[in-house]
Structure formats: C-alpha cells, structure tokens
There are 2 protein chains.
Amino acid sequence: MSRPTIGDVAAAAGVTKATVSHAYSGKRPISVATKQRVFAAAEQLQWVPSSSARALATRRANAVGIILARDPDILASDTFFPAFIAGVESVLARQEVALVMQVVTNRTAEERAYRAMAHGRSDGVILLDLHRSDWRVGFLQDLRIPAVLLGAYDGETSFSRVRTDDATPVKELIAHLRAAGHERIAHVAGPLDYVHSYVRARAYLEETGTPELLREGDFTAGSGRDLTAELLRLPDRPTAIVYANDTMAIAGYSHARAHGLDVPRDLAVAGFDDDHLSGHLSPALTSVFTDPRRRGEVAAERLLADIAGDLHREVTVDCTRLVLRESTAAAAPTTARPLLTKELP
Amino acid sequence: MSRPTIGDVAAAAGVTKATVSHAYSGKRPISVATKQRVFAAAEQLQWVPSSSARALATRRANAVGIILARDPDILASDTFFPAFIAGVESVLARQEVALVMQVVTNRTAEERAYRAMAHGRSDGVILLDLHRSDWRVGFLQDLRIPAVLLGAYDGETSFSRVRTDDATPVKELIAHLRAAGHERIAHVAGPLDYVHSYVRARAYLEETGTPELLREGDFTAGSGRDLTAELLRLPDRPTAIVYANDTMAIAGYSHARAHGLDVPRDLAVAGFDDDHLSGHLSPALTSVFTDPRRRGEVAAERLLADIAGDLHREVTVDCTRLVLRESTAAAAPTTARPLLTKELP
DNA sequence: ATGAAAGCGCTAACAC
DNA sequence: GTGTTAGCGCTTTCAT
C-alpha cells in the first residue's frame, strides 16, 4: 500500500477528485454532506496532498528561500542568523509556508541555487548580506521571482526593501562617548562593501570626522583583535572603540586588557548586534540591539505580500536600540594611558 | 514569454524531451553531438529544470527537512543550531539537495508538517531534541519516510542514529573538579525528558552519587540564575556547579558574583556546548565543545545514505572535548565561603 | 452542486 | 542512439 492520493480519497468518498480538491480549497460550493464524507475519507486514509503535485499544478511551491553565500564557519558563529530565521519562521508557519535554505560556496552554485528557487523550489526569496552593488538584484529581476532585500540597499531596484536605521544608533553611541569625555573615538567596521557595514562606517565618519581612526575588519574575532592592536599602537591612541559587531568588540577588549588596559577606565568599548551573552560579560558590553527576530518577521510578511501580488514596497523597521552597559560607563581619561604597561586594576 | 520548459529546449535543439532529460541525467547514452546541441540550447534559453515537476515525476524532492518544535525565542538564542545547520548544509550543498525548515508551535502543526515532509516536500528528515520517549519516532515510521535521530535515543527504532558520548565529558569534568579538591559538586541539568539532558544528568549522578545537588533547568538564563540561587542557599552549599549549557552557567555565575562570591575561588563553574563567547568571558568559562558542525555533517551524510537505500545504521561521532578555562581553575576552598557576604575580590 | 478531462513539466518504460 | 507515450498527483477549465 503506497501513500494515498486524492484519487483514493475521492473513491472512498464516492466523489471525483475535483470535488475533493474543492472541498478543501473552498473554491466552489460543496454541499455540507459531501464535504463531510470527503473529510472523513481523507482523515481515515490519513491523506495529505502531495506538495510537489500541488506545486506543479498551481505553480506555487508554498515555500520561500534564503540562500547564504557565507562560509559555514562564519554562519556557525553568527548571532544574527538564528534569531532572524526564528522571526521569518514565525510568520511563515501561520500560512504553512516552508523555508528552503541553501548555503553555497561559489558564484556558479549561487546562481544555480537562485535559478532553482525561481523554477519551482520557492515562490520568493529573501536577500541577506547585501553588497553596495549587488549582482543578485539584477539577476533576480531577470529571473522574475519576488524578492525582499534586507538592508539599506541604495541601488536601482523595484524589489521590496526592509530597512533599519543603523546610522542613528552609531551616532548616539558616539554622542554618548563624547559626553563621557572621549575625544579620540575609533571604529572597527565590517567589510565595507556590505551595505550595513558601510552605513555604520559612514555614520561614524559623519559624526567624528576622523577617517584615520577607521579600520575595516571582517566580523571575526581575529580581525577584532588585530585591528584593536593596531589602533592601540597609534601614537595618539583612541580612548574608545566602536565595533561593528560584538564578537570583534570582545576580542578587542580582551586584547586590550591582556595588555594592561582597564575597560572602561582606559578604553571604552562598544559592540553592535547585542549578542545574548554580551550583557553577561564582565565588564558587560555596551551594544546596539537590532532585533533580528522582528526584522525576520517583517521581511517574511513583506515577501508573502509581494508573492500575493502586493508589490514593491519599502518598509522601515524601527527597532534598533542602544544598550548602554559597563564597557562604556566610566568617564574618559584626561590623558590616554600608555599601552603595554602591565598593571593590575 | 514565460519560463522555458524542457519542451522549449528540446524544440530548440531539434530533439525530444526525453533526449534532453537523458542528456542531463546520463541515464542513457546520448551522442556527443546532440548532447552539445542540447546543452547549447539550454544555456541559450537559460533553462533550469522545474524542481516541482521533477519532484513529481521522480518522487524525489531533492530536499531534506528539519522541523523544530521550539519556541522561536529559544531558537533565537541557541548556539547549537546555526553551527549544526552549517554542517548539514555543507554536505547537502555538494549534492544540490536543499534544506527545508519548519518551526511549529503545537503538536497538530507538527504532525501536519511531518506529513507534508513525507508527502513531497522532502525525502527524509533529521530529528533533533529527542525526548526519551518520543512520539515522532513511531509516527515517522508509520509515514515511512527516512529519518535520522540525533542523540542517544534508546527507544525501539530502526532509524539511523547519530550519537555522541555526552557522558564521558561530564565525568571528566567532575573528575577534574574533584582533583582540584571539590567535594560538593552540583549539576543544573536541562529538561530531563530530553535524552541529551538525561544522559548528562545520569552521568553526573553515577559519578557523584549526590541527587540532592541535581536541579532541572530549562536551558534559559532565568532558570540558570534561579537554580543557582537555590543551590547556594543550601546549608552545605556546593563549591562547584556543572551546567547543561553555557547560558545557564553564565547566568549562574553572574548571580553568584553579584552576591559576593568569587569565581572560581569561591565557586567553580562549568558549562556545556562551548558558546563562541565563552572563552572571552571573564573569568573564561570551562565548557564542553560538542562540535555541532561536525554532527550536522554526519547526520546529513547518514540521511542521504538512508535515502539512497543504505538503511538504518548507527554512527557514533567522537567529537566532544573538554575545554578547561579559568572558571574551574582555582583549587577548591577548604570550607565553603558563605553566600551573601559582600566582599571585594 | 458535481463530473469529466485537460494540463502543469518532468521522467521512464517501451519502441525502433 | 533517439522518438513515443504514459504517467507522477494535483488544480482547473468546461460541461451538465
């Protein structure tokens, strides 16, 4: 006995396949009596419509896709991702839409994956990690598949965008540090071809006007450590550093402390994205909560709307929030303490 | 112009659909010349086979599923999950198999989701978060869909299992603490109906024989804090606590420190799962690295093998590793310092 | 209110 | 080595 099909249910209920189909979809009136017979038969046979057959017939996969062109290692330590997915899923679950994920490692595979998404695997995709000039935007437009872009993508596009204001919290952070007396404030950015990194870095520059204190990292702990070391070796070293994520911030302040600096007394430190452990570090890390979960919800809602035909809208999610903690608590030193002078707190 | 189909390619290449199909699948010999014409036509039309049509015809979705019955909030702060997915994906990517994820919030939705997986959405599923007696095992057996169980599920099943030895690192940890002089060692477990929590707790009991120092948490920071408070209020309080995950451990030691205890001098603390920030806390947290990435790879490989017909095997992944750090570094106190006596380190 | 039949785009017997 | 012809299990006209 193989899996029951709609034909089996129809036979059992003494009707045709069309009736069974309509009993469920409600796309035409079915008498209560037969409806009941159909449901009973389906229940009894444990029938579930085949999603691939339905997908073929309706040209709807009832799935949306996310393709990640990240190194699996980076994915593994990413704090943004699971929360974002959780948000996406909480919306998709309501409509019984599935999420199809694919991680790819090169451009060819990525194109093929997007093509597959457009050709039956999914009804639309969410684009993450946008580059300032992102080939995927034009590519997907050619593929004519609905897409939602996460982030402040500035290029030409008619896709829906879900943006957040990353600039404001950076500026607030700097204002906060300034108010505490800091004058030399550095920024360790993420890769600057990412729009989100770029926006944060630009906000930093607009607010401070000190490009000589800007460094481009890659979100890994290693780059956080190395660039911190570089900044602290500067003749006129910064007394505060704002990092583009918490991982780099932690690695950075660990380095500073290992070299005798006290955080926040000798060096104030702030991260970005508010990792769930950041409040538990010691000193607790000032960060910017960006509500990835909520952004996932909004992106999913926006995509479903696009798929349903309500096209091309722009949504701004107001969800970033500065979380001030000990790592930026103290007043800035009047003179920067020298590095490499080991001393106990 | 709509999306090109295999028929369009066939027409353009001057052959039939079957030839196009076979040119790609290699399931029957096609002359080099026509093969080239076919590929050229496909390339020119940008044709990609429709995955839903193929799925219907072959009864293969070329996808595997993971269904999570977790609260989205828990998912969002889970350190295991992204790394595991990364591992799964790195294997699936090679075969161009997609990963279909669904998060469900109740049993009905969960059953429906598994049924959909079995009926065209996927070719097999990976079961996470196994309970000691898990209804899904029988359910999926009835559905006759390949499945791989992650963890030391002991119930009756013919599904493949990917197990790890969680007991040994717990015992090693306790031995380590004992060697440092600790005599009262407590354990804050995860929910005991989860097999992995249960196995760890049982190992703890076998090694210590002190059920009075065992508490059942739920992996959240809140439960870590509350149960730590409870343990520290004990007349003869523990001098060391082993937690079932890092989040509870952090919350626990933060609580202890807020009440005047020094970690590790007054209380040694160890976590489990080695969150990527745990090495950067201060004191750095002793934990057990469980290589979720590798387990994801093995689970995916095992599932693909099951799908391919190589059924029902049991794989043990030897990947857990004790990571000793400062939080368990110091010698145990000869007498436990009292709680609530605020004092500076 | 229901039935009959024609696809959706592919694969797989079965021919030759 | 290639063409022909049925399906896969649904949805959706077109009838009645």
Side-chain angles (χ1 to χ4, degrees), chain A residues 1-39 41-42 45-63 96 115-123, chain B residues 1-39 41-42 45-63 96 115-123:
Chain A
M1 45 146 244
S2 168
R3 300 212 163 89
T5 75
I6 196 173
D8 300 331
V9 175
V15 295
T16 64
K17 300 190 291 176
T19 304
V20 174
S21 178
H22 289 123
Y24 279 93
S25 70
K27 292 201 174 179
R28 82 183 185 193
I30 301 284
S31 80
V32 183
T34 58
K35 216 178 228 173
Q36 238 138 31
R37 290 212 318 285
V38 168
F39 292 158
L45 292 173
Q46 303 242 59
W47 174 72
V48 174
S50 149
S51 22
S52 41
R54 174 176 284 172
L56 181 58
T58 59
R59 287 95 168 281
R60 271 288 173 78
N62 282 304
E96 304 213 9
R115 282 223 175 77
M117 287 291 175
H119 290 28
R121 243 208 218 307
S122 77
D123 306 316
Chain B
M1 46 147 242
S2 167
R3 301 211 161 91
T5 74
I6 195 172
D8 301 330
V9 176
V15 296
T16 64
K17 300 190 292 177
T19 304
V20 175
S21 178
H22 289 124
Y24 279 92
S25 70
K27 291 202 175 178
R28 82 183 186 193
I30 301 284
S31 80
V32 183
T34 59
K35 217 178 228 173
Q36 236 138 33
R37 289 211 320 284
V38 168
F39 293 158
L45 292 173
Q46 303 242 57
W47 173 73
V48 173
S50 150
S51 20
S52 40
R54 173 177 284 174
L56 181 57
T58 58
R59 289 93 167 284
R60 271 290 173 78
N62 282 305
E96 305 212 10
R115 282 223 176 77
M117 288 292 176
H119 290 27
R121 244 208 215 308
S122 77
D123 305 316

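Numbers restart at 1 for each chain; the letters A, B, ... are given by sequence-line order, proteins then strands. Nothing here was measured: the structure is a model prediction, and the numbers come from that model.
- With hydrogens and angles left out, the side chain of B:Arg28 and the base of D:dG3 share a donor-acceptor pair within 3.5 Å.
- For B:Thr5, taking side-chain heavy atoms from C-beta onward, the closest of the listed nucleotides D:dC10, D:dT12, C:dC10 is C:dC10.
- Here OG1 of B:Thr19 is found 6.0 Å from CZ of B:Arg28. Values are rounded to the nearest 0.5 Å.
- In this structure, A:Ser21 reaches the bases: a heavy-atom distance under 4.0 Å links it to at least one base atom across the strands shown.
- Atoms OG and CZ, from B:Ser51 and B:Arg60 in turn, are 15.0 Å apart once rounded to the nearest 0.5 Å.
- Within the nucleic acid shown, A:Ile30 comes within 4.0 Å of sugar-phosphate atoms alone, with no base atom in reach, counting heavy atoms only.
- Comparing D:dT11, C:dA12, C:dT11 against the side chain of A:Lys17 picks out D:dT11 as the nearest.
- Taking every side-chain heavy atom of B:His22 into account, C:dA12 is the closest of D:dC10, C:dA12, C:dG3.
- As judged by a 4.0 angstrom heavy-atom cut-off over every strand, B:Pro49 is placed among residues touching the sugar-phosphate backbone only.
- Residue contacts shown for B:Ser50 are limited to sugar-phosphate atoms, with no base heavy atom under 4.0 Å away.
- Using a 4.0 Å heavy-atom cutoff across all strands shown, A:Lys27 reaches sugar-phosphate atoms only and no base atom.
- Residue B:Ser52 is out of contact with every strand shown, counting any heavy-atom pair closer than 4.0 Å.
- Closest approach to the B:Trp47 side chain among C:dG3, D:dG3, C:dC10 is made by C:dC10 (side chain taken as heavy atoms from C-beta onward).
- Nucleotide D:dT2 holds its P atom 15 Å from the CD1 atom of B:Ile6, rounded to whole Å.
- Residue A:Ala57 places its side chain closer to C:dG7 than to any other of C:dG7, C:dT2, D:dC8.
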